[in-house]
Number of protein chains: 2
Amino acid sequence: MAAPTDISSTFAKGLVVLKCFDGDSTHLTVPEIARRTGLDRAVTRRLVLTLVHLGYVAQEDRAFSLTPRILVLAGGFLQGRRFGKLIQPILAAYSAQAGLPFSLAMQDESQAVYVAHAGDQDEPRLGFTVGSRVPMDTTAIGRALLETDSAGELLETDGTFEPGIIGIACAVVRDGEIVAAIGTSAPRKLMQDPLRRAHVVPSLQNCAQALSELF
Amino acid sequence: MAAPTDISSTFAKGLVVLKCFDGDSTHLTVPEIARRTGLDRAVTRRLVLTLVHLGYVAQEDRAFSLTPRILVLAGGFLQGRRFGKLIQPILAAYSAQAGLPFSLAMQDESQAVYVAHAGDQDEPRLGFTVGSRVPMDTTAIGRALLETDSAGELLETDGTFEPGIIGIACAVVRDGEIVAAIGTSAPRKLMQDPLRRAHVVPSLQNCAQALSELF
DNA sequence: AACCATATGCGCGATAATCGCGCAAGCTCT
DNA sequence: AGAGCTTGCGCGATTATCGCGCATATGGTT
């Protein structure tokens with residue numbers, strides 16, 4: 001085990017354990033976690049029990065699952081960046097103007113992570129939450145995070161991620177750097193209407209402009 | 001340092017470090033974190049560097065701050081419980097029916113943690129995000145999480161948390177246990193209107209009923 | 001019902017990772 | 001420019017971690 005003195009391997013292992021509770025695997029047993037992480041069963045047990053001790057994980061019989069406390073960590077990020085007080089209202093205002101749900105995403109390595117949503121999706125088709133990840137190359141919001149050249153320009157993808165859905169996105173640029181992206185999506189029929197497009201596109205651009213001052 | 005063999009103290013310390021990035025303290029230096037956590041500076045440094053190594057924390061000069069990756073952990077909880085696909089649409093539907101923003105909270109020790117919001121607050125007055133915490137005794141949504149006797153009954157608080165704001169909340173009960181609470185709030189003037197109340201209250205109750213089947 | 005195979009909980013000694021002292025370098029204020 | 005404080009980080013002692021291995025629980029098969 002490579003052990004640079006600057007890295008705490010125990011802590012790193014613990015975070016790997018925490019991370020393996022994903023959307024598909026909510027209730028895990030110690031051996032299951034051990035298999036997923038490649039850690040020794042006894043080590044896994046101790047790390048999971050530590051999480052239980054601190055209240056991040058709950059135990060029912062042999063199954064372990066995350067508690068809402070994990071959201072407090074996310075809250076540290078969201079509140080620190082004033083998502084609730086500043087960003088959310090802006091996103092909501094432009095979303096209402098456009099009549100479509102707006103989402104805000106940031107880059108995390110090779111994926112786009114949703115950090116805020118506004119304008120409720122009436123249909124549960126995609127079901128994204130805060131913390132949901134989507135690929136960068138097949139989604140409008142992901143591509144917007146990458147297009148360093150055409151900063152601020154609108155990007156559109158058509159059914160590349162979800163069949164029949166068109167996504168439009170726009171980078172949020174601060175000091176020449178892309179710091180985030182906002183996007184919206186709708187069924188192709190809806191989005192192809194030129195009138196609607198003419199209404200939605202400026203809203204996205206203005207919203208991105210307004211948000212850029214908050215990053 | 002009490003060291004039961006079942007608890008990994010290093011991991012526990014690391015999580016304490018992670019937790020000390022809260023809404024008020026976004027950019028922290030190693031000595032600041034050491035002071036807050038009571039840990040040795042060198043230990044703190046190693047734990048923070050581990051977080052940087054794993055991408056949960058970013059370093060700019062001497063300041064460390066959370067990255068969006070921390071939201072991925074929250075996503076594990078939210079997606080696992082189908083917040084995006086099932087809960088959010090229901091919350092949004094009843095919120096739209098009531099014409100007021102609805103929030104969903106769960107208990108975390110002695111506080112209520114917001115886990116979902118629907119219906120955008122047009123005014124940024126409170127600015128709650130996913131992961132925001134509020135006290136249980138002075139908020140309607142917090143009290144609803146506690147009232148084990150009158151399960152499902154509506155609770156109302158008047159200005160006890162935020163002056164001029166009335167909150168109404170209702171427990172989400174599953175198998176006789178309170179698993180969550182939904183609430184809404186509005187300025188007193190608005191909420192005191194009997195007609196509106198007659199409209200909002202059933203929406204909340206029906207929403208709680210609908211959600212109870214998903215927990 | 002009894003058996004076997006597999007999965008799981010957990011104690012304990014060896015060992016490698018952590019701890020935290022202490023020095024050197026950087027910063028700030030007078 | 002100097003003094004006092006703050007911060008970064010190397011290194012040896014020590015302690016918490018590791019993971020083997022046994023005992024128990026589980027569940028499937030004859």
Side-chain angles (χ1 to χ4, degrees), chain A residues 1-22 24-67 70 73 76 80, chain B residues 1-22 24-67 70 73 76 80:
Chain A
M1 204 169 289
T5 57
D6 280 358
I7 302 284
S8 170
S9 70
T10 304
F11 184 29
K13 286 173 203 162
L15 288 170
V16 170
V17 168
L18 196 54
K19 197 180 181 179
C20 82
F21 291 89
D22 58 23
D24 301 322
S25 324
T26 59
H27 290 253
L28 298 169
T29 66
V30 168
E32 276 169 358
I33 299 169
R35 253 174 266 131
R36 276 162 196 264
T37 57
L39 297 170
D40 183 86
R41 278 188 8 248
V43 173
T44 304
R45 194 182 87 99
R46 216 149 5 86
L47 294 172
V48 172
L49 256 41
T50 304
L51 286 169
V52 172
H53 181 70
L54 296 175
Y56 291 103
V57 165
Q59 177 172 15
E60 313 165 53
D61 295 324
R62 289 176 196 159
F64 295 87
S65 59
L66 292 176
T67 70
I70 198 73
L73 297 178
Chain B
M1 201 170 288
T5 57
D6 279 358
I7 302 284
S8 170
S9 70
T10 304
F11 184 30
K13 286 174 203 162
L15 288 170
V16 170
V17 168
L18 196 53
K19 198 180 180 178
C20 82
F21 291 90
D22 60 22
D24 301 321
S25 325
T26 59
H27 290 253
L28 298 169
T29 66
V30 167
E32 276 168 359
I33 299 170
R35 252 174 267 130
R36 276 162 195 264
T37 58
L39 297 171
D40 182 88
R41 282 196 353 259
V43 173
T44 304
R45 194 182 85 98
R46 219 156 356 89
L47 294 172
V48 172
L49 256 41
T50 303
L51 287 169
V52 173
H53 181 70
L54 297 175
Y56 292 102
V57 164
Q59 176 171 17
E60 314 165 53
D61 296 325
R62 287 176 199 160
F64 295 87
S65 58
L66 292 177
T67 70
I70 198 73
L73 297 179

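Atom set for the values below is all heavy atoms of this structure, side chains included, hydrogens, waters and symmetry mates excluded.
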Item to check | Difference in axis direction between the ends of the helix from C:dA1-D:dT30 to C:dT30-D:dA1, five pairs, 10° | outcome: 50°
Checklist entry - Can you find a heavy atom in the side chain of A:Val48 that is under 4.5 Å from one in the side chain of B:Phe11? => result no
Next on the checklist: Tell me whether A:Thr44 contacts the main-chain N or O of A:Asp40 through its side chain, where contact means a donor paired with an acceptor under 3.5 Å.
Outcome noted: yes
Checklist outcome for this item: Protein heavy-atom contacts under 4.0 Å, written 5' to 3' over nucleotides 5-15 of chain D as B (base), S (sugar-phosphate only) or - (none), form the string --BBB------
Checklist entry - Would you say A:Thr10 reaches D:dA16's phosphate, i.e. side-chain N/O to OP1/OP2 under 4.0 Å? => result no
Checklist entry - Do A:Thr50 and A:Tyr56 have side chains that get closer than 4.5 Å, going by heavy atoms? => result no
Item to check | Atom-pair distance (CZ on B:Arg46; C1' on C:dA17), nearest Å | outcome: 8 Å
Checklist entry - Is A:Lys13 close to B:Ser8 at the side-chain level, that is, under 4.5 Å between some pair of heavy atoms? => result no
Checklist entry - Only one of A:Val17, A:Leu18, A:Ile33, A:Leu15 clears side-chain contact (heavy atoms from CB on, under 4.5 Å) with A:Leu47; which? => result A:Val17
Item to check | Phosphate-side-chain proximity, B:Ser8 and D:dA16, N/O vs OP1/OP2 below 4.0 Å | outcome: no
Checklist entry - Under 4.0 Å between a side-chain N or O of B:Lys13 and OP1 or OP2 of C:dT18? => result no
Checklist entry - Within the pair A:Ser9 and D:dT17, is there a side-chain N or O less than 4.0 Å away from OP1 or OP2? => result no
Next on the checklist: Is the shortest side-chain heavy-atom distance between A:Lys19 and B:Leu54 below 4.5 Å?
Outcome noted: no
Checklist entry - Under 4.5 Å between any side-chain heavy atoms of A:Val43 and A:Thr10, yes or no? => result no
Item to check | Donor-acceptor under 3.5 Å (B:Asp61 side chain, B:Ala63 main chain) | outcome: no
